[in-house]
Protein chains: 2
Amino acid sequence: MKDHQTVFVEFLQGRGLKYTRNRKIILDIVFGLHEHFDAEQLYDLARKETRAMSRATVYRTIPLLCEAGLLQQSVRSSARDTFEHIYGHPKHIHWVCTRCGAVIETDLAEVMAVLKQEAKRIGFSADEIKFNVVGKCWKCGSIENE
Amino acid sequence: MKDHQTVFVEFLQGRGLKYTRNRKIILDIVFGLHEHFDAEQLYDLARKETRAMSRATVYRTIPLLCEAGLLQQSVRSSARDTFEHIYGHPKHIHWVCTRCGAVIETDLAEVMAVLKQEAKRIGFSADEIKFNVVGKCWKCGSIENE
DNA sequence: ATATAAATTGCGACTCAATCTCAATATATG
DNA sequence: CATATATTGAGATTGAGTCGCAATTTATAT
């Protein structure tokens, strides 16, 4: 499997775009993070790497990473769009707690079989899967009943 | 099964809120629509019913309907938050086409068994299920290859 | 009916995430 | 190294969504 840098470089080349210093910084942060993040958090982290980084660049790089299949928009748990890197990650279900904001992930493998069959039936070619369940986690569910 | 009006009225009463003319208009439109919609579309439709309807009222009523379990936020296919009524509707998967914007719905019943088991295992009490698959519908998938 | 208290409303100002413009700068290629 | 093209930061702009407030509507008790 290609590493994420190779994927991004090849994607950029295919479009006549350049693998710049700033894009490299952003890519590294995205794949160094193992949680969901929003553009502002990404900007803050990138800013620690270099002063020469603007919000505009971050906002412009995010869609490129998405189109390259490296990043995808995730559950929106705040006012801001949130993202997570997906390359090399098994598909999963997000369980979003409305009380504490926790996002638990579980495997999607069992569901995939049903999904593939369905996709075939309706002739849909899937790029991204977003499976979110909203409710209360075990901690918050019990607090509710106190 | 209670009708959606009863559910809303009881929800409002339980909170010491009132079932007003404007809230009734909005509720009726929401359950008259059988597609996804955003706040602006809802406002336009409500405005046709009465001149005495502001965006603020629409924006303030939407979260009430969500909390009452009548409405839920859906796939965001534009810049605006989109919604769909859910009361009395079987759970479904959304297949969102990135090219033409079509949203196809299919049944979620087969997946539910797996999901319930998983919820039990992690102790999660689910309120809403959002299962979206993003990709290309059969029409747009074939255009791509021309 | 009428009075009273409380919730609701429209208006328009406001917030803030996200986008756009444009001149200056960085990058790839011959 | 020269040229063409892509990228960048700064700050202006957009636009969905929220908020404050005075006027109005609604529910309840009298």
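In the text below, chain A, chain B and the rest are named by the order of the sequence lines, each starting its count at 1. Remember, predicted model here, so these are calculated numbers, not experimental data.
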Inset, instruction - Using a cut-off of strictly less than 4.0 Å, decide whether B:T20 has a side-chain nitrogen or oxygen near OP1 or OP2 of C:dT9. - result: yes

Legend entry - Distance below 4.0 Å between A:Y59 side-chain N/O and C:dT19 OP1 or OP2: no

Legend entry - Under-3.5 Å donor-acceptor pair between B:K18 side chain and D:dT25 base: no

Inset, instruction - Provide, to the nearest angstrom, the distance between the CG atom belonging to A:D38 and the P atom belonging to C:dC16. - result: 14 Å

Inset, instruction - Could you tell me whether B:D107 and B:K91 have a side-chain N and a carboxylate O separated by less than 4.0 Å? - result: no

Legend entry - Note: A:K130-A:E128 ion pair, threshold 4.0 Å (strictly below): yes

Inset, instruction - Round to a whole Å and report the spacing from CZ of A:R21 to C1' of D:dG9. - result: 14 Å

Inset, instruction - Check the angle between the aromatic planes of A:H36 and A:H94 and answer parallel, tilted or perpendicular using the 30° and 60° thresholds. - result: perpendicular

Inset, instruction - For B:T50 and for B:G16, locate the closest nucleotide of DNA chain C by heavy-atom distance; then report the residue assigned to the nucleotide nearer the 5' terminus. - result: B:G16

Legend entry - Residue whose nearest DNA chain D nucleotide is more 5′ - A:A56 or A:R15: A:R15

Inset, instruction - Examine C:dA26: is either OP1 or OP2 under 4.0 Å from a nitrogen or oxygen in the side chain of A:N22? Give yes or no. - result: no

Inset, instruction - Would you mind telling me which of D:dT7, D:dT8, D:dG20 lies closest to the side-chain atoms of A:R60? - result: D:dT8

Legend entry - For atom CD of A:Q13 and atom P of D:dT7, their distance in whole Å: 12 Å

Inset, instruction - Can you tell me the distance, in whole Å, between the CZ atom of A:F83 and the P atom of C:dA17? - result: 13 Å

Inset, instruction - Check whether any side-chain N or O of A:H4 sits under 3.5 Å from a backbone N or O of A:L27 as a donor-acceptor pair, and report yes or no. - result: no

Inset, instruction - Check whether any side-chain nitrogen or oxygen of B:R23 sits under 4.0 Å from OP1 or OP2 of C:dT9, and answer yes or no. - result: yes

Inset, instruction - Measure the distance from CD on B:E40 to P on D:dG15 and round it to the nearest whole Å. - result: 11 Å

Inset, instruction - Tell me which nucleotide among C:dA18, D:dG9, D:dC19 gets nearest to the side chain of A:T57. - result: D:dG9

Legend entry - Separation of atom NZ in B:K24 from atom P in C:dT8, rounded to whole Å: 17 Å

Inset, instruction - Would you kindly give the CG-to-C1' distance between B:L12 and D:dT26, to the nearest whole Å? - result: 13 Å

Legend entry - Salt-bridge present (B:K48, B:D44; N to O < 4.0 Å): no

Legend entry - Any A:R55 side-chain nitrogen or oxygen under 4.0 Å from OP1 or OP2 of C:dT19: no

Inset, instruction - May I have the distance from B:M53 (atom CE) to C:dC11 (atom C1'), rounded to whole angstrom? - result: 15 Å

